[in-house]
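All remarks here apply to the structure that follows.
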Amino acid sequence: MSGHGHGHGHGHGCEGEHEPAERGLEYGLYGRIDLEKMQCLNESREGDGKLVFKPWDRRRERDTYVESDADEELLFNIPFTGSVKLKGVIISGENDDSHPAEVRLYKNIPHMSFDDTGREPEQAFRLNRDPAAELEYPTKIARFSNVQHLSIHISKNFGSESTRVYYIGLRGEYSEAHRHEVTICNYEASANPADHKVESVIPQTNFIS
């Protein structure tokens, strides 16, 4: 029995064989975005910015994209439905000068505008052209460990008048935003021992013991 399950792709170099399923789960943060409240500033067509967040297995599809309007910049304001630990980002565009060349990440600044992008980002990346959505840019996790809102500022492309993005992938961990309710329950149970709900439990406890 001990020999079973050994050597099923731990530490092998052939990533393509066993990584996709696991990576697909890790890149599932798109499903934790509050799309109703998400904004994309300077998109040429309203609503297109939301379309570039999609499942891992659709990352190479080219039928939906967002294109910038007045200049090459795009700013995504991404609220999550809970708390996120962001570990990595993939940004895929066209294999030409419209591909994003620089991206800046900001944490927990809801409704960010282009006026706010002068401030220091949590992290910035120089990007390579990545039409196949293969290149991941790892974050400094300590800076992105409690993210309720992420802003992605694409500040430059490779020289085109407009920027085109097909896919943005966010890798990380998600936790529900319900700790507050749990705290209240614990507080009520321990702080009110004379409460009638607690009293009704006491006879049963005594009977069992």
Whether K50 side chain and L35 backbone form a donor-acceptor pair below 3.5 Å:
yes
Among the clusters formed by ILVMFWY side chains lying less than 4.5 Å apart, do L105 and V165 turn up in the same one?
yes
Straight-line distance of Y167 OH to R58 CZ, nearest 0.5 Å:
10.5 Å
Please confirm whether the backbone N or O of E26 pairs with a side-chain atom of E22, one donor and one acceptor, at under 3.5 Å?
no
Main chain of F125, side chain of R104: is a donor-acceptor contact present, judged purely on distance under 3.5 Å?
no
Which atom names give the shortest non-hydrogen contact between S162 and S98, and what distance separates them?
O-CB, 3.4 Å
D34: salt bridge (charged side-chain N to carboxylate O under 4.0 Å, His left out) partners, not counting sequence neighbours
K37
If you take all heavy atoms of T163 and P100, which pair is closest and at what distance?
CG2-CG, 3.8 Å
Is a side-chain donor-acceptor pair under 3.5 Å present for S155 with E102?
yes
Would you check if T117 and D115 make a side-chain contact, meaning some heavy-atom pair closer than 4.5 Å?
no
Determine, stepwise, if the pair D71 / N42 fulfils side-chain contact (heavy atoms from CB on, under 4.5 Å).
CA-CA 8 Å; D71 55 24; N42 196 38; 3.0 Å; yes
Looking at Y174, I'd like to know if the NZ or CZ of R32 sits under 6.0 Å from its six-membered ring centre while staying within 45 degrees of the ring's axis.
yes
For L135 and I90, which heavy atoms make the closest approach, and how far apart are they?
O-CG1, 3.3 Å
Distance-only side-chain donor-acceptor flag, S44 / E67, under 3.5 Å:
no
Given the rule in the side-chain contact (heavy atoms from CB on, under 4.5 Å) test, do I91 and Y137 qualify, once you have shown the distances and angles that lead to the verdict?
CA-CA 9 Å; I91 297 183; Y137 300 88; 5.7 Å; no
Specify the closest pair of heavy atoms between C40 and V66, including all atoms of both residues, with the distance to one decimal.
SG-CG2, 4.2 Å
Cluster overlap Y30 with L86, hydrophobic side-chain contacts below 4.5 Å:
yes
Do you reckon I168 sits in the same ILVMFWY cluster as V84, going by side-chain contacts under 4.5 Å, direct or chained?
yes
Side chain to side chain, L25 and W56, heavy atoms closer than 4.5 Å:
no
Expected output: side-chain S68 to main-chain E43 donor-acceptor under 3.5 Å:
no
Sorted by first residue and then second, give each salt bridge (charged side-chain N to carboxylate O under 4.0 Å, His left out) pair with at least one member in residues 121-150; sequence neighbours left out.
R23-E136, R60-E134, D97-R129, E136-R171
Is atom CD of E161 surrounded by more than 12 heavy atoms (other residues, nucleotides or ligands) closer than 6.0 Å?
no
Is there a donor-acceptor pair closer than 3.5 Å between any side-chain N or O of S92 and the backbone N or O of P131?
yes
Given the rule that I, L, V, M, F, W and Y join up when any side-chain heavy atoms are under 4.5 Å apart, are F158 and V103 in one cluster?
no
Does the pair Q39 and H111 meet the rule for a side-chain contact (heavy atoms from CB on, under 4.5 Å), with working shown?
CA-CA 8 Å; Q39 294 177 307; H111 310 296; 4.0 Å; yes
Which ILVMFWY residues are connected to F114, directly or by a chain of links, through side-chain heavy atoms under 4.5 Å apart?
L41, L75, Y106, I109, M112
Just to verify, what does K87 make a salt bridge (charged side-chain N to carboxylate O under 4.0 Å, His left out) with, not counting sequence neighbours?
E173
Classify the side-chain pair T64/K54 by whether it contains a donor and acceptor separated by less than 3.5 Å.
yes
Test: ring-ring contact (aromatic ring centres under 6.0 Å, His included). Region: residues 58-84. Which pairs qualify, not counting sequence neighbours?
F53-F76, Y65-Y166
Show every donor-acceptor pair shorter than 3.5 Å between a side-chain atom in residues 147-154 and any protein atom, with sequence neighbours excluded, or say none if there are none.
| from | atom 1 | to | atom 2 | distance (Å) |
| --- | --- | --- | --- | --- |
| Q148 | NE2 | N146 | OD1 | 2.8 |
| S151 | OG | N77 | OD1 | 2.8 |
| H153 | NE2 | E73 | OE1 | 2.6 |

Check whether F144 and L127 end up in the same hydrophobic cluster, where Ile, Leu, Val, Met, Phe, Trp and Tyr are linked by side-chain heavy atoms less than 4.5 Å apart.
yes
